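This report concerns only the one structure given below.
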Amino acid sequence: MLTREKLPECPVATTVALIGSKWKLLIIRNLLQRPWRFNELKKDLEGISQKVLTDSLRSMEEDGIITRTVYPEVPPRVEYALSDLGKTLKPILDSMVEWRNAYKKM
């Protein structure tokens with residue numbers, strides 16, 4: 001986790017530092033739909049390793065982008081969801097979809 005003091009001055013660099021990895025963007029894409037469990041994400045994100053998924057989720061939780069809810073059940077159930085801050089990333093992903101659609105038409 002980057003502390004606020006250590007974030008880059010450039011807003012684009014800050015955004016890339018927080019969500020710029022391929023996997024983080026795809027995790028956010030999924031969490032925009034609904035809360036997901038770890039194994040659901042792992043299955044849906046073909047090619048992601050357990051370590052990378054774990055590290056990405058922990059990092060985004062520390063940065064306040066997602067929430068992790070542990071339900072007191074046996075066996076324990078854990079769900080990941082976007083926080084209010086994470087939900088503000090929707091326009092960024094929507095813009096990426098629009099750009100891709102325009103690019104595809106070129």
Side-chain angles (χ1 to χ4, degrees):
M1 176 179 153
L2 291 173
T3 62
R4 296 202 193 290
E5 297 79 34
K6 292 186 180 182
L7 288 172
E9 286 295 319
C10 172
V12 173
T14 297
T15 304
V16 169
L18 293 171
I19 64 162
S21 80
K22 165 188 171 180
W23 295 116
K24 284 183 180 181
L25 287 168
L26 295 177
I27 292 166
I28 292 166
R29 175 204 63 192
N30 284 15
L31 294 179
L32 280 167
Q33 299 170 18
R34 62 177 173 82
W36 288 63
R37 295 176 72 175
F38 183 90
N39 286 331
E40 289 180 307
L41 286 168
K42 180 137 178 20
K43 270 187 209 169
D44 191 71
L45 301 171
E46 193 172 312
I48 193 169
S49 70
Q50 184 164 333
K51 179 183 181 346
V52 169
L53 179 55
T54 299
D55 290 348
S56 297
L57 290 169
R58 283 183 184 158
S59 171
M60 289 192 294
E61 184 181 11
E62 288 174 9
D63 292 330
I65 295 169
I66 67 169
T67 60
R68 178 179 183 268
T69 304
V70 181
Y71 294 92
E73 301 171 352
V74 177
R77 178 171 51 109
V78 178
E79 285 186 343
Y80 296 91
L82 288 176
S83 66
D84 289 339
L85 174 64
K87 290 174 187 173
T88 66
L89 295 168
K90 185 178 183 330
I92 294 172
L93 272 72
D94 290 345
S95 293
M96 292 174 80
V97 169
E98 289 175 26
W99 186 89
R100 176 265 189 191
N101 290 341
Y103 180 78
K104 195 172 179 183
K105 291 178 184 177
M106 295 176 87

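A quick note: this is a predicted structure, and the numbers were derived from the prediction, not measured.
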- Is R29 salt-bridged to D44, cutoff N-O under 4.0 Å? yes
Drop me the distance from [X]'s [atom1] to [Y]'s [atom2], to the nearest 0.5 angstrom.
X    : Y    : atom1 : atom2 : answer
L31  : I65  : CG    : CD1   : 11.0 Å
N101 : M106 : CG    : CE    : 13.0 Å
K42  : R37  : NZ    : CZ    : 15.5 Å
L45  : S56  : CG    : OG    : 9.5 Å
L82  : R34  : CG    : CZ    : 12.5 Å
F38  : K43  : CZ    : NZ    : 12.5 Å

- Would you sort out whether L53 and L41 count as a side chain to side chain contact (heavy atoms under 4.5 Å, CB included), showing the intermediate values? CA-CA 8 Å; L53 179 55; L41 286 168; 4.1 Å; yes
- side chain to side chain donor-acceptor pair (under 3.5 Å) contacts in which one or both residues fall within residues 77-92, not counting sequence neighbours: R68-Y80, Y71-E79, E73-R77, R77-E79, K90-D94
Using a 3.5 Å cut-off and no angle test, enumerate the donor-acceptor pairs between side-chain atoms of residues 18-27 and protein atoms at least two apart in sequence or in another chain.
unit_1, atom_1, unit_2, atom_2, d
S21, OG, K24, N, 3.0
K24, NZ, L18, O, 3.4
K24, NZ, S59, OG, 3.0

- Does one hydrophobic cluster hold both W36 and V70, with members joined at side-chain heavy-atom distances below 4.5 Å? yes
- Query: Are V16 and I66 joined in one hydrophobic group, where the rule is that I, L, V, M, F, W and Y side chains link up if heavy atoms are under 4.5 Å apart?
  - Reply: no
- Item | Close side-chain approach of S95 and I92, heavy atoms under 4.5 Å | no
- Query: Any salt bridge (Lys or Arg N to Asp or Glu O under 4.0 Å) pairs touching residues 96-105, not counting sequence neighbours?
  - Reply: none
- Item | Neighbour count >12 (heavy atoms, 6.0 Å) for atom CD, Q50 | no
